[in-house]
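To start, the structure itself, in structure tokens.
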Amino acid sequence: MNEAPKAGRRFGCLQVLLIMLAAIVLTAAGSFFVFKAVYFPSSLKPVRLNAREEQALQTKLERLDFTATRTAAAESAPEPYGEEGAERTIRFTEQELNALLAKNTDLAGRLAIDLSENLVSARLLIPLDEDFPVFGGRTLRVKAGLKVRLSGEKPEVVFQGLSIMGIPLPAAWLGGLKDVNLLDETGADAGFWKTFAAGIEDLRVEDGRIAIKIKP
């Protein structure tokens, strides 16, 4: 005698409702944590150099006559001015720049610099005042990019754009500066930038490093 097939398990209306509510809660919770991490991160992790990297950075700073205040005061002595053998190329790695920011400014944990081919990018976290509308007490994430290169013999610093909370701002909101070589801009500081550009012999931004060579 053949057995009758067993009926499949059925869910009552209450069970279906509970499953839907659980799915909604899980989705909302996941969205909240993703939104918080992406748009309102608490802080950036400051870059710390190992002993070898720290020594390499200190050597570069000493060549540029950047020394600790106490050390500089102790070693300060009269000497004649001369340019023979002077360092004319400034080189830093991405790690070194971020370590300097973390150690010597109040931007530790709030500003990070990225160096890639012909591009300098910055990520900045801006704490908002408690009285700020809607997002008061939160941290605003801002990103910007500059294309930095030597075109022929002419240095270029081209503003690539600015984004807030992951949303790129339109060119019209950036005062017409997007995709513009800032060294060609006119205005109150035009003389400074023109003089600055004229003193650059070579300018290179590569993956993880930057080098600027100034003219004699």
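- Using a 4.5 Å heavy-atom cutoff, the side chains of Ser121 and Gln160 are not in contact.
- If you take CZ on Arg91 and CD1 on Ile210, they are separated by 12.0 Å, rounding to the nearest 0.5 Å.
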- Check the pair Arg204, Asp202 against side-chain contact (heavy atoms from CB on, under 4.5 Å), reporting the backbone distance first and the verdict last. CA-CA 7 Å; Arg204 298 180 184 274; Asp202 195 13; 2.9 Å; yes
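- Although no hydrogens or angles enter the test, the distance criterion places a donor-acceptor pair under 3.5 Å between the side chain of Glu94 and the main chain of Leu115.
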- Task: Start with the C-alpha gap between Leu119 and Val205, add the side-chain angles, then the distance that decides, and say whether side-chain contact (heavy atoms from CB on, under 4.5 Å) holds.
- Result: CA-CA 7 Å; Leu119 183 65; Val205 177; 5.8 Å; no
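- For the pair Lys215 (side chain) and Ala198 (backbone), a donor-acceptor distance under 3.5 Å is present.
- The hydrophobic clustering, which links ILVMFWY residues whose side-chain heavy atoms are closer than 4.5 Å, places Ile212 and Val158 apart.
- Remark: Lys143 NZ to Asp114 CG distance equals 8.5 Å, nearest 0.5 Å.
- One N or O on the side chain of Glu53 and one on the backbone of Asn50 form a donor-acceptor pair closer than 3.5 Å.
- Glu156 places a side-chain heavy atom less than 4.5 Å from the side chain of Arg149.
- Using a 4.5 Å heavy-atom threshold, the side chains of Ile164 and Leu140 count as touching.
- Taken to the nearest 0.5 Å, the CD1 atom of Ile113 stands 10.0 Å off from the CG atom of Leu146.
- In this structure, the separation between OG1 on Thr89 and CD1 on Ile214 is 8.0 Å, given to the nearest 0.5 Å.
- Side-chain N or O atoms of Asn181 include one that pairs as donor or acceptor with a backbone N or O of Val157 at under 3.5 Å.
- Paired with Phe159 under the rule side-chain contact (heavy atoms from CB on, under 4.5 Å), one option of Asp179, Leu174, Val180 passes, and it is Leu174.
- Atoms CG and CD, on Leu57 and Glu96 in that order, are 5.0 Å from each other to the nearest 0.5 Å.
- Heavy atoms only, all atoms of each residue included: Glu201 and Pro216 are closest at OE1-CD, 4.0 Å.
- Shortest non-hydrogen contact noted between Leu49 and Ala99 is CG-CB, 3.6 Å.
- Taken from CZ in Arg123 to CG in Asn98, the straight-line distance is 12.0 Å, to the nearest 0.5 Å.
- In this structure the side chain of Val148 never reaches within 4.5 angstrom of the side chain of Asn118, judged on heavy atoms.
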- Message: The test is side-chain contact (heavy atoms from CB on, under 4.5 Å); show your working for Leu162 and Trp173 and say whether it passes.
- Response: CA-CA 10 Å; Leu162 180 75; Trp173 293 5; over 6 Å; no
